[in-house]
Amino acid sequence: MKQSLPYQPGPIGVFDSGYGGLTILSKIREALPEYDYIYLGDNARTPYGTRSFEIVYEFTLQAVNKLFEMGCHLVILACNTASAKALRTIQMNDLPNIDPDRRVLGVIRPTAECIGSMTQTRHVGILATAGTIKSESYPLEVHKLFEDIKVSGEACPMWVPLVENNEANGEGADFFIRKYIDNLLAKDRQIDTLVLGCTHYPILLPKIQKFIPQGVKVVAQGEYVATSLKDYLHRHPEMDMKCTREGKCRFYTTEAEDKFIESASMFLNENITVQRITLE
Ligand code: DGL
């Protein structure tokens, strides 16, 4: 007789405050196309980057709980701000009570891991939201792995609104893109590697490339997060078993559905359907 499983396998949850996490989702689906995914964007309450620790934690925990309710055993916080401000507390304090067998992973650690082999000068710059920079999560994670690397950061509060308002390719974007890059490079002239520490920023990449000096590399984290997830599933067969594989992806937003579909087209090359939900 076929034994029934003690759990119901489910999709992998991918969460972001808005659309930015779609840059991570695309890379994950390229690397792991056979798995099923649920993407959840808290578009009604974006941006998170300027919010307090308490609020980002509260909103992120609501999203994680919702993805668990929807059947996910593994959730990726495809948002640097949520990874910086909420991940550790959720892992340490909440998961043991909610369900010790479920997992929540972030995007900062996999990005920090790749930095060591990218920089020659050992001087790295982080471009991120005010919240991520203030949390010091990047220097902390990088120094756990590479003590010798000097990390400087610059908050780019105008970049997420440029993306969310479909102005990434507009002329007005140039001023703010150049401004934050120049500010960061002025802090440390030896920087040879710039990390895009916000999942929205890869959308600005063509313009970012225009304003960085020759020889400076730009790291967009999607592919590193995808490789790290692949490796995680390989090292954790007990979690891998709990992930369904039909190659499907469902989308949920806390904002209006038509708005999500219109803006998501910037990030995805496919027609999608999306359902609105509320988080509480
Ligand atoms: N995409 C989020 C991140 O990676 C930031 C967007 C926001 O401020 O909500 O940090």
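For the numbers below, each heavy atom of this structure counts, side chains included, while hydrogens, waters and symmetry mates do not. First listed ligand is number 1; within each ligand, the first listed atom is number 1.
- Comment: Asp148 engages Arg122 in a salt bridge, judged by a side-chain N to carboxylate O separation of less than 4.0 angstrom.
- Residues lining ligand 1 at a heavy-atom distance below 4.0 Å are given as Asp16, Ser17, Thr46, Pro47, Tyr48, Gly49, Cys79, Asn80, Thr81, Thr129, Val160, Cys198, Thr199, His200, ordered by chain and residue number.
- Between Glu141 and Lys144, at least one side-chain N (NZ, or NE/NH1/NH2) sits under 4.0 Å from a carboxylate O, which counts as a salt bridge.
- A donor-acceptor contact closer than 3.5 angstrom is absent between the side chains of Gln62 and Asp42.
- Between Lys242 and Glu238 there is no salt bridge, since none of the side-chain N atoms of the basic residue sits less than 4.0 Å from a carboxylate O of the acidic one.
- Side chains of Thr132 and Thr129: a donor-acceptor N/O pair is present below 3.5 angstrom, by distance only.
- A salt bridge does not link Glu34 with Arg245: none of the charged nitrogens is closer than 4.0 Å to a carboxylate oxygen.
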